[in-house]
Amino acid sequence: MEEEIPVVICAAAGRMGAAIAAISSIYSNTEANVLFYIVGLKTTIPHIRKWIENSKLKEIKFKVVEFNPMVLKGKIRQDASRPELLQPLNFVRFYLPLLIQKHEKVIYLDDDIIVQGDIQELYDTKLAPGHAAAFSDDCDLPSTHEMVRSVGMQNTYMGFLDYRKQAIRDLGISPSTCSFNPGVIVANMTEWKHQRITKQLEKWMQRNVEENLYSSTLGGGVATSPMLIVFHGKYSTINPMWHIRHLGWSPDTHYSEHFLQEAKLLHWNGRYKPWDYPSVHTDLWEHWFIPDPSGKFKLTRPDS
C-alpha cells in the first residue's frame, strides 16, 4: 500500500470555492495517494460535502472534520482592521495533531492557493531532526523581492510583532529577522506533540489578548505572529517554488507568465482574492475551479 499523503484544507463560509479549486488542482496534478482532511465549522460542512459528492471531485479520498471554535475562547483579541483574519478556521493550523491522529507527516495549505506541481514533491520536503515544521522564508525569492519592495510588504519580524513591548524585546529576536509565511506547512506530528507546539501557540495568543503584542494592522495576520515566535530558529525550509505568494497583495502587481508557469504552488495571500474582483492572474486559479452545483457560491467578475 503506497503511503497516504494527508492534506489539510479549510472550507470557510463565503469562500468555499477556494477550497474546491485548491483540492481540484492538487488531485489533478498527482498520482499520489492523497487523503484530504477538509476542516469546516458545523454550519458549512453539509455544503462542502454536497459540492464534492456532486462534482468530478467525487473520486477523491476525503474526511470532513468539524472544528469547534470554542477552543479559541479568550485567546483572540478583536481587531476591526481585517476581521477576516480572525475567522476561527484561520487557527486550525495550530491544532493539527488534535484534528489528525494517525499520520506522522502532514501538509497544511491555506485555501487561497492552487497547486501546479506534484504534491508528492512537497510531501517529500526534508525536516531536520528536532524540527516540527517546514515553512517558506519571506526572503528567499529573488523575483518577488522587487514586488515586495514596490508594495511595501512585510518580510521581517518587525512587520508582525510590536517591538515597543517588553515581552517582545525579551525574546531577543532581532526585528530584521526574516519572517516566514505559514500558509504552506509541512509538519511532523511526533515533534509537534513532543514540543507541545499547540500549547506554546496558545500561550502567546493569550499573552496577546492581555498585552497586545502584535497586531494585524502591522501587516501580518493574527495567526502568523505566534508562529513566528514559537518556531523562531526551529524550522526547516520549503523549496521556494512551492510557495509563490503575494498574488493577492495588489490588483496592479503582476508576475511574469514564464515565472508563474514554473511555480509549483501559487498563493493569493492579501486582500485581492481570485474568486473576487479585482484580482490578478485569476485565469490560473479559475482553471481549477468547479462551479457550485447548488449555485450558492458565485464568482465575482466585472461583468457579473
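For the numbers below, each heavy atom of this structure counts, side chains included, while hydrogens, waters and symmetry mates do not.
Side-chain atoms of Arg169 come within 3.5 Å of backbone atoms of Arg164 as a donor-acceptor pair (strictly under, hydrogens ignored). A distance-only check finds a donor-acceptor pair linking the side chain of Lys105 to the backbone of Thr125 [under 3.5 Å]. Proximity of a side-chain donor or acceptor of Asn54 to a complementary backbone N or O of Lys50 within less than 3.5 Å is detected. The closest donor-acceptor contact from the side chain of Trp268 to the backbone of Val280 lies under 3.5 Å. With hydrogens and angles disregarded, a donor-acceptor distance shorter than 3.5 Å links the side chain of Ser236 to the backbone of Ala128. Formation of a donor-acceptor pair under 3.5 Å by the Ser24 side chain with backbone atoms of Trp288 is found in this model. When atom types are taken as modelled, the side chain of Tyr157 and the backbone of Ile173 share no donor-acceptor pair closer than 3.5 angstrom. Side chain of Asn208 to backbone of Tyr214: a donor-acceptor contact under 3.5 angstrom is found.
Taking hydrophobic clusters as Ile, Leu, Val, Met, Phe, Trp and Tyr residues chained together by side-chain heavy-atom distances below 4.5 Å, Leu99 shares a cluster with Val71. Linking ILVMFWY side-chain heavy atoms closer than 4.5 Å, directly or via other members, places Phe160 and Val209 in two distinct hydrophobic clusters. Val8 and Met227 fall within the same hydrophobic cluster, defined by Ile, Leu, Val, Met, Phe, Trp and Tyr side-chain heavy atoms under 4.5 Å apart, directly or through other members. Residues Tyr277 and Leu299 do not share a hydrophobic cluster, clusters being chains of Ile/Leu/Val/Met/Phe/Trp/Tyr side chains in contact below 4.5 Å. Residues Tyr37 and Leu96 share a single hydrophobic cluster, defined by chaining ILVMFWY side chains whose heavy atoms lie under 4.5 Å apart.
The structure places CG of Asp162 at 7.5 Å from CD1 of Ile168, a figure rounded to the nearest 0.5 Å. With rounding to the nearest 0.5 Å, the separation of OG1 in Thr237 from CG in Asp137 is 6.5 Å. Between atom OG of residue Ser28 and atom CG of residue Leu57 there is a gap of 7.5 Å, rounded to the nearest 0.5 Å. Going from atom CD1 of Ile5 over to atom OG1 of Thr30 covers 6.0 Å, rounded to the nearest 0.5 Å. Separation of atoms NE2 (His194) and CD (Glu191) is listed at 6.0 Å; rounding is to 0.5 Å. The CH2 atom of Trp242 sits 8.5 Å away from atom CD1 of Ile113, with the distance rounded to the nearest 0.5 Å.
At a threshold of 4.5 Å between non-hydrogen side-chain atoms, the residues Arg245 and Leu266 do not count as touching. The side-chain heavy atoms of Asn33 and Glu3, taken from C-beta on, include no pair separated by under 4.5 Å. With contacts defined as side-chain heavy-atom distances shorter than 4.5 Å, the pair Ile229/Leu171 qualifies. The closest side-chain heavy-atom distance from His243 to Phe180 is not below 4.5 Å. Counting heavy atoms from C-beta on, the side chains of Leu72 and Phe94 never come closer than 4.5 Å. Residues Trp285 and Lys273 fail the side-chain proximity criterion, which asks for heavy atoms closer than 4.5 Å. For the pair Cys178 and Asp138, the minimum side-chain heavy-atom distance is below 4.5 Å. Counting heavy atoms from C-beta on, the side chains of Met16 and Trp51 come closer than 4.5 Å.
If you check the side chains of Trp192 and Thr198, you find a donor sitting under 3.5 Å from an acceptor. In this model, no donor atom of one side chain and acceptor atom of the other lie less than 3.5 Å apart for Ser25 and Gln116. With 3.5 Å as the limit, one finds a donor-acceptor pair spanning the side chains of His267 and Asp112. Checking Glu59 against Tyr27 by side-chain atom types alone, no donor-acceptor pair falls below 3.5 Å. No side-chain donor-acceptor contact under 3.5 Å links Asn155 and Ser179. Tyr95 and Glu202 share a side-chain donor-acceptor pair at under 3.5 Å.
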Could you walk me through whether Gln206 and Lys75 pass side chain to side chain contact (heavy atoms under 4.5 Å, CB included), step by step?
CA-CA 5 Å; Gln206 269 152 340; Lys75 299 187 186 81; 3.9 Å; yes
Is there a side chain to side chain contact (heavy atoms under 4.5 Å, CB included) between Phe297 and Phe289? Walk through the geometry before answering.
CA-CA 11 Å; Phe297 179 91; Phe289 174 69; 3.7 Å; yes
Going through the distances and angles, do Trp275 and Thr300 end up as a side chain to side chain contact (heavy atoms under 4.5 Å, CB included)?
CA-CA 6 Å; Trp275 53 90; Thr300 311; 6.0 Å; no
Side chain to side chain contact (heavy atoms under 4.5 Å, CB included) for Ile38 and Ile23? Distances and angles first, verdict last.
CA-CA 9 Å; Ile38 302 166; Ile23 291 165; 3.7 Å; yes
Stepwise, does the salt bridge (Lys or Arg N to Asp or Glu O under 4.0 Å) test hold for Arg301 with Asp303?
CA-CA 5 Å; Arg301 294 295 178 248; Asp303 46 9; over 6 Å; no
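Checked for salt-bridge contact, Glu211 and Lys165 miss the test: no charged N lies under 4.0 Å from a carboxylate O. Note on Glu210 versus Arg207: no salt bridge recorded, every NZ/NE/NH1/NH2 to OD/OE distance being 4.0 Å or above. Salt bridge present: Lys61 and Glu4 bring a charged side-chain N and a carboxylate O closer than 4.0 Å. For the pair Asp118 and Lys264, the salt-bridge criterion is not met [side-chain N within less than 4.0 Å of a carboxylate O].
Applying the 6.0 Å contact sphere to CD of Glu31 captures no more than 12 heavy atoms from other residues, nucleotides or ligands. The environment of Arg196 atom CZ is sparse: at most 12 non-hydrogen atoms of other residues, nucleotides or ligands sit within 6.0 angstrom. The number of heavy-atom neighbours closer than 6.0 Å to NZ of Lys102, taken from other residues, nucleotides and ligands shown, is above 12.
Here the rule is salt bridge (charged side-chain N to carboxylate O under 4.0 Å, His left out) with Arg15, and of Asp110, Asp111, Asp292 only Asp111 fits it. Screening Asn239, Leu109, Ile26, Val115 against Leu122 for a side chain to side chain contact (heavy atoms under 4.5 Å, CB included) leaves a single residue, Leu109. Among His287, His254, His246, the single residue meeting the ring pair (Phe, Tyr, Trp, His ring centres under 6.0 Å) criterion with His281 is His254.
Listed by first and then second residue, the disulfide bond (SG atoms under 2.5 Å apart) pairs involving residues 91-130 amount to none (not counting sequence neighbours).
Annotation: Phe135 is in aromatic contact with Phe231 [ring centroid separation under 6.0 Å].
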